[in-house]
**Q** 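My structure is below; once you've seen it, I'll send some questions.
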Amino acid sequence: MKIAVCVKRVPDSEARIKIGADKTSIDESGVKFVLNTYDEYAVEEALKLKEAAGSGEVVIVSVGSEAAKETIRTALAMGADRGVLLEADAVGLDPLPVARALAAELKDGGYDLILFGKLASDDYSHAVGVMVAELLELPCASAATKLEIADGKGIAEREIEGGVEVVEFALPAVVTADKGLNEPRYPALRGIMMAKKKPLEVKDAALDAGGVEIVLLTLPAERKKGRIVGEGADAVPALVDALRNEAKVL
Amino acid sequence: MANVIAVLEQRDGTLKRVSHEALTAARTLADAMGGEVHALVIGPSGVSGDGLGDYGADKVFVAADDALALYQPDLYAATAADVVQGGDYGVVILAATAMGKDLAPRVAARLGCTLAADVTAIQYDGGVVVTRPVYAGKAVYTLKLTGVPSVVSLRPNAVTPEQNAKAGAVEATSAAGGAARATTAEVKQPDRAALDVAEASVVVSGGRGLKEAEHFKLIEDLAAAVGGAVGASRAVVDAGWRSHAEQVGQTGKTVSPSLYFAVGISGAIQHLAGIRTAKVIVAINKDPDAPIFKVADYGIVGDLFEIVPRLTEEIKKIKEG
Ligand SMILES: Cc1cc2nc3c(=O)[nH]c(=O)nc-3n(C[C@H](O)[C@H](O)[C@H](O)COP(=O)(O)OP(=O)(O)OC[C@H]3O[C@@H](n4cnc5c(N)ncnc54)[C@H](O)[C@@H]3O)c2cc1C
Ligand SMILES: Nc1ncnc2c1ncn2[C@@H]1O[C@H](COP(=O)(O)O)[C@@H](O)[C@H]1O
């Protein structure tokens with residue numbers, strides 16, 4: 001099994017977001033960056049599949065700045081074999097240029113499976129994996145919570161509103177990972193040591209501009225200060241009254 | 001001069017509410033741009049495009065074929081891309097549902113165009129301008145989309161459907177041919193057809209404060225009384241009390257209901273990430289310092305086991321009388 005996993009370096013979910021002086025990006029000072037949560041599921045799935053197959057290779061690919069090397073190393077420390085950084089100064093908000101850069105890298109790689117996270121927790125686009133599949137004309141199941149691969153075929157399950165879709169496809173294919181797919185392993189100390197010696201190739205991403213111009217980045221509108229209606233069950237009539245007559249939502 | 005096309009969503013041949021939201025957003029945009037609104041309905045044979053004129057569609061394309069009964073990603077994407085390429089469109093709007101989140105990037109990639117996902121507002125201001133929550137809702141981008149066309153997916157409940165009578169002339173269109181690379185073989189239904197948190201206009205969520213899985217009956221009863229969906233914090237999903245489909249928050253679903261109840265939920269930042277765009281938040285928690293009260297519009301401090309049954313009862317009274 002030869003598997004590629006595309007990963008993104010994103011701010012830690014615990015990080016406090018501050019707006020930068022340019023008002024179009026975040027202030028990165030003091031922000032810890034990590035491997036995107038959903039990409040951890042993708043890496044874990046790739047490692048499990050390779051282990052089950054008994055042989056193969058897991059290649060980590062990321063588009064990003066030099067700093068994304070650290071993110072790739074995290075995935076290598078989990079057990080992946082080698083990494084490729086497609087270096088770009090800045091990754092914009094349009095998912096298509098990123099998808100194009102990844103597709104160009106993956107096209108002739110001979111991969112049986114290309115895995116992604118379902119979304120990147122910075123841009124929330126939910127797009128790059130699906131777009132790569134379209135560009136490479138490969139079958140794709142997005143937001144998979146379950147994946148079975150056998151005899152060159154795959155079956156994935158994805159949660160939809162009020163049900164679960166069962167998607168069938170032949171390899172090679174693209175799958176994007178949702179929470180529930182597996183429990184990602186933590187890199188062990190030995191893995192972290194070994195990751196330092198694993199190959200990490202750097203190439204130029206050559207991103208095209210895309211069709212999204214950032215006008216402004218703001219903090220979300222402060223919610224209007226609410227009020228405590230009261231204490232205990234006796235406050236229920238006042239709450240119901242407020243919901244009906246003030247907020248008009250009942 | 002460009003038109004706007006809304007790619008609508010049906011389930012079992014019935015259009016979903018989010019389709020009317022997408023049409024309403026398309027109408028507002030087209031009026032500002034000086035264009036028409038077209039709609040595309042993809043579904044099983046017999047699926048109808050009637051009545052969409054009421055929500056502002058000038059023209060409705062219907063691609064009806066039994067092969068399209070379930071969401072078939074490749075066939076839906078090819079059909080939508082064909083229709084968009086056959087017209088003069090500035091913007092393609094879909095709902096950011098499970099289907100829309102999969103279909104929108106496919107259509108954008110096929111058209112080689114820009115995608116703005118999960119937007120909460122879209123308007124025309126000399127160009128198409130959208131707002132998109134990012135960083136788990138901790139910041140919001142205002143973006144100008146310069147691609148023509150641009151594909152936009154709209155967060156459910158972000159726009160209120162409005163009637164706006166237009167011609168709504170229905171025209172049959174053919175489903176795109178070609179082989180499906182991946183096939184949706186079936187949709188497994190849960191034991192109980194539950195309303196989904198991401199689409200419901202009222203959501204009642206429970207957290208660890210409920211103490212045991214069985215006590216979620218209180219949440220279910222309140223949800224039934226308000227006609228809403230049941231949601232859950234990650235703590236109770238991880239404990240196995242509720243399914244992941246119900247989880248609200250950063251690693252669960254993002255909800256934008258008009259009314260959100262957080263019961264026995266502390267209000268961790270990752271939970272709040274999923275509810276920031278709810279219109280009204282109600283918190284019930286025994287701890288007056290719980291962070292949930294900082295974002296709640298209305299709160300009651302106290303024991304949920306006393307408050308929730310009483311609330312259910314009062315709401316039932318109103319709904320019945
Ligand atoms: C990467 C990451 C992603 C995460 N994603 C999510 C996510 O998507 N969604 C999510 O919800 N969490 C998420 N979390 C977890 C989050 O940090 C919290 O741990 C979780 O939300 C807590 O759940 P809770 O509020 O139910 O439990 P607790 O924090 O234990 O809160 C229980 C609350 O119930 C109250 N209570 C107890 N008894 C009663 C009573 N009798 N009456 C009234 N009130 C009572 C308590 O005062 C307390 O405030 C994530 C965490 C991480 C690190
Ligand atoms: N810059 C990037 N480099 C590599 N993979 C990426 C990048 N951006 C997104 N991805 C992948 O695409 C998935 C979806 O991201 P997005 O469409 O940005 O929400 C992520 O979980 C990653 O697997």
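In the text below, chain A, chain B and the rest are named by the order of the sequence lines, each starting its count at 1.
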**Q** Would you mind reporting whether B/Y135 and A/I26 have side-chain heavy atoms less than 4.5 Å apart?
**A**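 A/I26 vs B/Y135: side chains touch.
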**Q** With chain A, which of B/G112, B/A108, B/A104, B/A77 has the greatest number of heavy-atom pairs at distances under 4.5 Å?
**A**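 Greatest number of close heavy-atom pairs with chain A: B/G112.
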**Q** What part of B/Q247 gets within 4.5 angstrom of chain A, counting heavy atoms only: side chain, backbone, both, or neither?
**A**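 When you check distances to chain A, only side chain atoms of B/Q247 fall under 4.5 Å.
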**Q** Rounded at 0.5 Å granularity, tell me how far CD in A/E159 sits from OG in B/S243.
**A**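 These two atoms lie 6.5 Å from each other.
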**Q** With a 4.5 Å heavy-atom cut-off, do A/V166 and B/K188 have their side chains touching?
**A**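 Yes. Closest side-chain heavy atoms under 4.5 Å.
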**Q** Please identify, among A/L219, A/I19, A/L138, the residue contributing the most non-hydrogen atom pairs under 4.5 Å to chain B.
**A**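 Of A/L219, A/I19, A/L138, A/L138 has the most heavy-atom pairs under 4.5 Å with chain B.
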**Q** Mind ranking A/A127, A/G232, A/G163 by heavy-atom pairs under 4.5 Å with chain B and telling me who comes out on top?
**A**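 Sorted descending by pairs with chain B, the first entry is A/G232.
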**Q** How would you list, in number order, the residues of residues 31-45 of chain A that have a heavy atom less than 4.5 Å from chain B?
**A**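 Result: A/T37, A/Y38.
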**Q** Where on A/I155 is there a heavy atom nearer than 4.5 Å to chain B: the side chain, the backbone, both, or neither?
**A**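 Neither part.
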**Q** I need the B/R106 CZ to A/L135 CG distance, nearest 0.5 Å.
**A**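 Those atoms lie 11.5 Å apart.
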**Q** Could you walk me through whether A/I214 and B/Y141 satisfy the side chain to side chain contact (heavy atoms under 4.5 Å, CB included) test, starting with their C-alpha distance in whole Å, then the side-chain angles of each, then the deciding distance to 0.1 Å, before giving a yes or no?
**A** CA-CA 7 Å; A/I214 300 174; B/Y141 270 118; 3.6 Å; yes
**Q** What part of B/E199 gets within 4.5 angstrom of chain A, counting heavy atoms only: side chain, backbone, both, or neither?
**A**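 For B/E199, side-chain heavy atoms alone lie under 4.5 Å from chain A.
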**Q** Non-hydrogen atoms of chain A under 4.5 Å away: do they reach the side chain of B/I318, the backbone, both or neither?
**A**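 The answer is the side chain of B/I318.
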**Q** Side chain, backbone, both or neither: which part of A/T176 has an atom under 4.5 Å from a heavy atom of chain B?
**A**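 For A/T176, neither part sits under 4.5 Å from chain B.
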**Q** Shorter than 4.5 Å, heavy atoms on both sides: which option in A/A15, A/G154, A/A143 has the most such pairs with chain B?
**A**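 Max contact count across the listed options: A/A15.
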**Q** Looking only at non-hydrogen atoms, find the nearest pair between B/A117 and A/S125 and report the distance.
**A**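 Taking B/A117 first and A/S125 second, the nearest heavy atoms are CB-O, 3.2 Å.
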**Q** Suppose a student defines contact as a heavy atom less than 4.5 Å from any heavy atom of chain B. Which residues in residues 238-250 of chain A would they list?
**A**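 So far as heavy atoms go, A/L239, A/V240, A/A242, A/L243, A/R244, A/E246, A/A247, A/V249, A/L250 are the residues that approach chain B to under 4.5 Å.
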**Q** I'd like to know if the side chain of A/R158 and the backbone of B/A98 have a donor-acceptor N/O pair within less than 3.5 Å.
**A**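 Yes: the side chain of A/R158 pairs with the backbone of B/A98.
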**Q** Can you find a pair of side-chain heavy atoms, one from B/D102 and one from A/V130, that are under 4.5 Å apart?
**A**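 In contact.
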**Q** For a quick test of reading the model, state the closest non-hydrogen atom pair linking B/K144 to A/V215 and the distance between them.
**A**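 What the structure gives for the nearest pair is N-CG2, 3.8 Å.
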**Q** Got A/L217 and B/V140 here, is their nearest side-chain heavy-atom distance under 4.5 Å?
**A**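 With C-beta onward as the side chain, the pair stays apart.
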**Q** Let's test your reading of the structure: which of B/A245, B/G137, B/G147 forms the most heavy-atom pairs below 4.5 Å with chain A?
**A**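 Heavy-atom pair counts peak at B/A245.
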**Q** At a 4.5 Å cut-off on heavy atoms, which part of B/Q270 comes close to chain A: side chain, backbone, both, or neither?
**A**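 Looking at B/Q270, just its side chain touches chain A.
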**Q** Take a 6.0 Å sphere around NZ of B/K16 and say whether it holds more than 12 heavy atoms from other residues, nucleotides or ligands.
**A**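 Enclosed.
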**Q** Distance from A/E137 atom CD to B/R110 atom CZ, nearest 0.5 Å?
**A**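 Going from CD on A/E137 over to CZ on B/R110, the span is 8.0 Å.
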**Q** To the nearest 0.5 Å, what is the distance between CG on A/L96 and CG on B/L115?
**A**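 So the gap between those two atoms works out to 9.0 Å.
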**Q** Could you look at B/D303 and say if it's the side chain, the backbone, both or neither that has a heavy atom under 4.5 Å from chain A?
**A**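 For B/D303, neither part sits under 4.5 Å from chain A.
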**Q** So which heavy atom on A/P237 is nearest to which on B/R310, and how close?
**A**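 Answer, listing the atom of A/P237 first, then B/R310: CG-NH2, 3.6 Å.
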**Q** Under a 4.5 Å heavy-atom cut-off, does chain B meet the side chain of A/E157, its backbone, both or neither?
**A**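 Only the side chain of A/E157 comes within 4.5 Å of chain B.
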**Q** Taking all non-hydrogen atoms of both residues, which atom of A/I17 and which atom of B/A139 are closest, and how far apart?
**A**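 Closest heavy-atom pair between A/I17 and B/A139: CG2-CB, 4.1 Å.
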**Q** Under a 4.5 Å heavy-atom cut-off, does chain A meet the side chain of B/V148, its backbone, both or neither?
**A**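 Answer is neither: B/V148 stays 4.5 Å or more from chain A.
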**Q** Please state whether the side chain, the backbone, both or neither of A/I160 comes within less than 4.5 Å of a heavy atom of chain B.
**A**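 Looking at A/I160, backbone and side chain both touch chain B.
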**Q** At a heavy-atom distance under 4.5 Å, which candidate from B/L259, B/T131, B/V308, B/D118 has the highest pair count against chain A?
**A**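 Result: the option with the highest number of such pairs is B/L259.
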**Q** Counting C-beta onward and ignoring hydrogens, is there a side-chain heavy-atom pair between B/K138 and A/P11 closer than 4.5 Å?
**A**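 No, their side chains stay 4.5 Å or more apart.
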**Q** Output yes when a side-chain donor or acceptor of B/K101 lies under 3.5 Å from a complementary backbone atom of A/S142, and no otherwise.
**A**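 The answer is no, because no donor-acceptor pair under 3.5 Å joins these two groups.
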**Q** Where on A/P220 is there a heavy atom nearer than 4.5 Å to chain B: the side chain, the backbone, both, or neither?
**A**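 Both parts, heavy atoms under 4.5 Å.
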**Q** Does the side chain of A/E134 come within less than 4.5 Å of B/R181's, by heavy atoms?
**A**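 The answer is yes; the side chains approach within 4.5 Å.
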**Q** In terms of heavy-atom pairs under 4.5 Å with chain A, which of B/G302, B/P133, B/P73, B/C113 leads?
**A**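 Heavy-atom pair counts peak at B/C113.
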**Q** Give me the contact list for residues 101-123 of chain A versus chain B, heavy atoms only, anything under 4.5 Å, ordered by residue number.
**A**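 Result: A/S121, A/D122, A/D123.
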**Q** For chain A, which residues from residues 285-296 of chain B have at least one heavy atom closer than 4.5 Å to it?
**A**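 B/F293, B/V295, B/A296, listed by number.
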**Q** When rounded to the nearest 0.5 angstrom, what distance separates CD in A/E165 from OG1 in B/T184?
**A**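 Taking CD in A/E165 and OG1 in B/T184, the distance rounds to 4.5 Å.
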**Q** For B/R276, does its backbone N or O pair with a side-chain atom of A/R223 as donor and acceptor, under 3.5 Å?
**A**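 Between the backbone of B/R276 and the side chain of A/R223 there is a qualifying donor-acceptor contact (under 3.5 Å).
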**Q** Are the side chain of B/R11 and the backbone of A/E161 linked by a donor-acceptor contact shorter than 3.5 Å?
**A**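 Yes; at least one donor-acceptor contact below 3.5 Å.
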**Q** Measure the spacing between OH of A/Y124 and CZ of B/R155 and express it to the nearest 0.5 Å.
**A**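 The OH atom of A/Y124 sits 8.5 Å away from the CZ atom of B/R155.
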**Q** I'd like to know whether NZ of A/K153 has more than 12 heavy-atom contacts from other residues, nucleotides or ligands below 6.0 angstrom.
**A**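 Result for NZ/A/K153: open.
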**Q** Let's test your reading of the structure: which of B/E314, B/K253, B/R132, B/K279 forms the most heavy-atom pairs below 4.5 Å with chain A?
**A**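 Ranked by contacts with chain A, first place is B/R132.
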**Q** Taking B/L304, B/T251, B/V282, B/I269 one by one, which has the highest count of heavy-atom pairs under 4.5 Å against chain A?
**A**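 Among the listed options, the one with the most contacts to chain A is B/T251.
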**Q** Examine whether an atom of B/L145 lies under 4.5 Å from a heavy atom of chain A, and if so say whether it belongs to the side chain, the backbone or both; otherwise answer neither.
**A**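 Looking at B/L145, backbone and side chain both touch chain A.
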**Q** So for A/A99, is it side chain, backbone, both, or neither that comes closer than 4.5 Å to the heavy atoms of chain B?
**A**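 A/A99 has no heavy atom closer than 4.5 Å to chain B.
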**Q** Taking every non-hydrogen pair under 4.5 Å, which of A/D234, A/V236, A/V132 racks up the most with chain B?
**A**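 Ranked by contacts with chain B, first place is A/V236.
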**Q** If you count heavy-atom pairs within less than 4.5 Å of chain B, which of A/A233, A/A235, A/A170 leads?
**A**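 Result: the option with the highest number of such pairs is A/A233.
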**Q** Between chain B and each of A/K179, A/M131, A/H126, count heavy-atom pairs under 4.5 Å; write down the option with the most.
**A**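 It is A/K179.
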